[in-house]
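Atom set for the values below is all heavy atoms of this structure, side chains included, hydrogens, waters and symmetry mates excluded. In what follows, every chain begins at residue 1, and chains take the letters A, B, ... in the order their sequences are listed.
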Amino acid sequence: MEALSPATPYTPKSTNPNPQTPTQSPSPLAASSARLWRPTAQRNLRNQWSKLASLRQQWESASSSGRAYATLLVNSYLSIKYMPSRELGVLSDMPDILKKASQKLLKQQELHRSKLLSSYKDMVSVVTNMVKTSRSMRCFVKGSSNSPLLQFSGYSECNNDPGDGGGIPVFTFWSISCFEKVAEELVHMLILELNLKRLLVVDLLSVSCKVPTANSLHWSEELYPGEFGDLSMCNLLSEETCKPVYPRLNGQKSDKPTIRRNHQQPDHDVLQVYLTTWRIEVNIDTHRVDEIFAEVGEEIHCRLS
Amino acid sequence: MEAMVKKYQQRFRKVREEMETWAHLQSLLISQFRMASSTILRLQVLQDSTNYGGGLNGVAHIQEAVLLKQMESLQKRLLSINNTMEQFHGTVLSLGRIHRDGRQMVKGGSSQLTVKQLQQRVGVKPSLADCVDGLMLLQDMHCSEYLLKSSLVSALSELTLKPSASDLGSLQQILIDQPNIPKEEVQFIFDIIFAEEIC
């Protein structure tokens, strides 16, 4: 059933869809069934791609609310950190004012922490949905192909039907595998970005005040129940170690990271780098993403934005 | 004479419209300038590899990638600033046109007006000289302010290479202050031209 093998390293730029080379198909559909297959396949592709377009929007909103909570978290952390050196003026006469203020800030920090985590969860669910969608581009013949009444479904019932209509163009030029290639390219960017965001979430959640180790999270821990299941769907869980794979950038090999864990608390600049890295989404080439949706939209005669 | 004053007042209304456009562009430019200067300052932090703390230093080439993206977005911001500057230029040009047209009315006509006629005042209505001078002054102010803004913008792009928070701050302050367009003076000009509406 697994049509794609996302584990194999590939560079998206070089895999431009080439309509001239349809994939080898063991059983090209007969002309009549191709005629019947095409409308169903077209409907399916339109559905899946508009789903991808709306998921992309959802990613943007989840990512930006995540950034807002990350910023709040960093701000409350810095406020607590600089609390003792604050000039409190007349307030300094009030008993326990520092302690009370810090406690209040800690409470806020806890709130931002949980909001950040839930934004991360939203992002994971967007990406898993994208993965599912990108793997549902094919359209299979249901039942016997000799039957006069052809039916189609999203999953294969017999092994020799690849579900791509024998590699024929679905609309004008592109075969199913062309659509799959660009979908994979798109999803690949988001998977890498999700992985990097996870790293930032782990680090930001570990930011704590007085006890550096108590709140500290580890990369290999599940951030919420069931996270590893979701990650493995995105191919972000190592099969050998059953731990999340370490983030890498697009086109880079993932080698064993040499993490210099310093137990020093991050300062203002380090936190600024975290927030900037969150915001700019290094793995997502926005221009290319727009291009993909524009190209596909043109091919399927449907505005995707 | 009165008819001419009316025509001038019409021109001043046009000037007011242009100045509204200017104000809109001004607030746009300020926010674009702020964003660009905070990006420039952030670049400094991003260039220091010791700031990639925690797990980030385990991600190969993260610093280059982050810097590259930031540079790209800075470039976009500078481009949008240039775009705004072009719109400012357009406003300055139309102010110039209004001013030239106004001068034509007193100088280009078949009957040359005497100095006395120019300075003649009917009731609270402005004299023709008030009108001509007012248009010239307003055009002058905006033209010099446009030139000042252009040099501020080029100073901003130069600061990309050696950013300093205080320099960026002062550039921004000058940009906000618009020293060539003193508000009271502008108000004074309009008060004279439209004195009858105030009464």
Side-chain angles (χ1 to χ4, degrees), chain A residues 74 189 192-193 195-208 212 216-221 244-288, chain B residues 28 30-83 156-157 159-169 171-172:
Chain A
V74 164
M189 290 189 225
L192 289 178
E193 188 58 32
N195 202 16
L196 183 60
K197 289 262 184 341
R198 183 180 196 271
L199 180 78
L200 295 173
V201 169
V202 169
D203 275 4
L204 284 168
L205 291 182
S206 316
V207 160
S208 63
S216 187
L217 273 168
H218 285 287
W219 174 252
S220 48
E221 281 170 45
V245 295
Y246 207 73
R248 65 192 173 91
L249 300 179
N250 209 348
Q252 298 286 336
K253 271 201 173 170
S254 166
D255 29 62
K256 281 267 176 284
T258 46
I259 314 164
R260 289 172 278 132
R261 273 269 173 218
N262 40 0
H263 281 285
Q264 266 177 10
Q265 286 296 298
D267 68 356
H268 177 270
D269 286 350
V270 171
L271 293 167
Q272 198 183 359
V273 171
Y274 282 165
L275 293 179
T276 308
T277 311
W278 185 291
R279 186 168 46 81
I280 62 179
E281 312 215 298
V282 277
N283 289 299
I284 298 176
D285 181 349
T286 327
H287 179 70
R288 177 66 188 140
Chain B
L28 182 67
I30 291 173
S31 80
Q32 287 171 335
F33 202 91
R34 278 213 180 107
M35 291 217 275
S37 47
S38 66
T39 310
I40 289 173
L41 286 176
R42 205 179 302 123
L43 275 177
Q44 229 178 352
V45 177
L46 297 175
Q47 267 160 349
D48 184 351
S49 60
T50 58
N51 286 334
Y52 292 75
L56 272 184
N57 60 33
V59 184
H61 303 289
I62 184 78
Q63 190 185 3
E64 292 138 66
V66 169
L67 270 175
L68 188 71
K69 271 246 172 174
Q70 268 300 265
M71 289 301 278
E72 279 170 8
S73 83
L74 178 61
Q75 211 160 16
K76 260 187 224 150
R77 299 218 155 122
L78 292 177
L79 273 177
S80 61
I81 286 180
N82 283 340
N83 187 26
L156 175 72
S157 12
L159 273 177
T160 313
L161 302 172
K162 41 177 174 45
S164 117
S166 65
D167 286 2
L168 285 168
L171 288 185
Q172 199 171 298

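- By the 4.5 Å heavy-atom criterion applied to side chains, A/V273 and B/V66 are not counted as neighbours.
- Heavy atoms of A/L200 lying under 4.5 Å from chain B belong exclusively to its side chain.
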Taking it one step at a time, do B/D48 and A/D269 satisfy side-chain contact (heavy atoms from CB on, under 4.5 Å)?
-> CA-CA 9 Å; B/D48 184 351; A/D269 286 350; 5.9 Å; no
Please test B/H61 against A/V282 for side-chain contact (heavy atoms from CB on, under 4.5 Å), starting from the C-alpha separation and ending with a verdict.
-> CA-CA 11 Å; B/H61 303 289; A/V282 277; over 6 Å; no
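- Summarising the geometry, atom NZ belonging to B/K69 is positioned 4.0 Å from atom OG1 belonging to A/T286; distances are rounded to the nearest 0.5 Å.
- Within a 6.0 Å radius of CD in B/Q47, more than 12 heavy atoms belonging to other residues, nucleotides or ligands are found.
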Using the side-chain contact (heavy atoms from CB on, under 4.5 Å) rule, take A/L196 and B/L56 through it: C-alpha gap first, then chi angles, then the decisive distance, then the call.
-> CA-CA 9 Å; A/L196 183 60; B/L56 272 184; 4.1 Å; yes
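- Scanning all heavy atoms of the two residues, the minimum distance from A/P247 to B/V59 falls at O-CG1, 3.9 Å.
- If you measure heavy-atom distances from B/L68 to chain A, you find no contacts under 4.5 Å at all.
- Within the structure, side-chain hydrogen bond (donor to acceptor under 3.5 Å, both in side chains) contacts touching residues 270-283 of chain A (residues at least two apart or in different chains) are A/W59-A/E281, A/S63-A/E281, A/E193-A/N283, A/K197-A/E281, A/D203-A/Y274.
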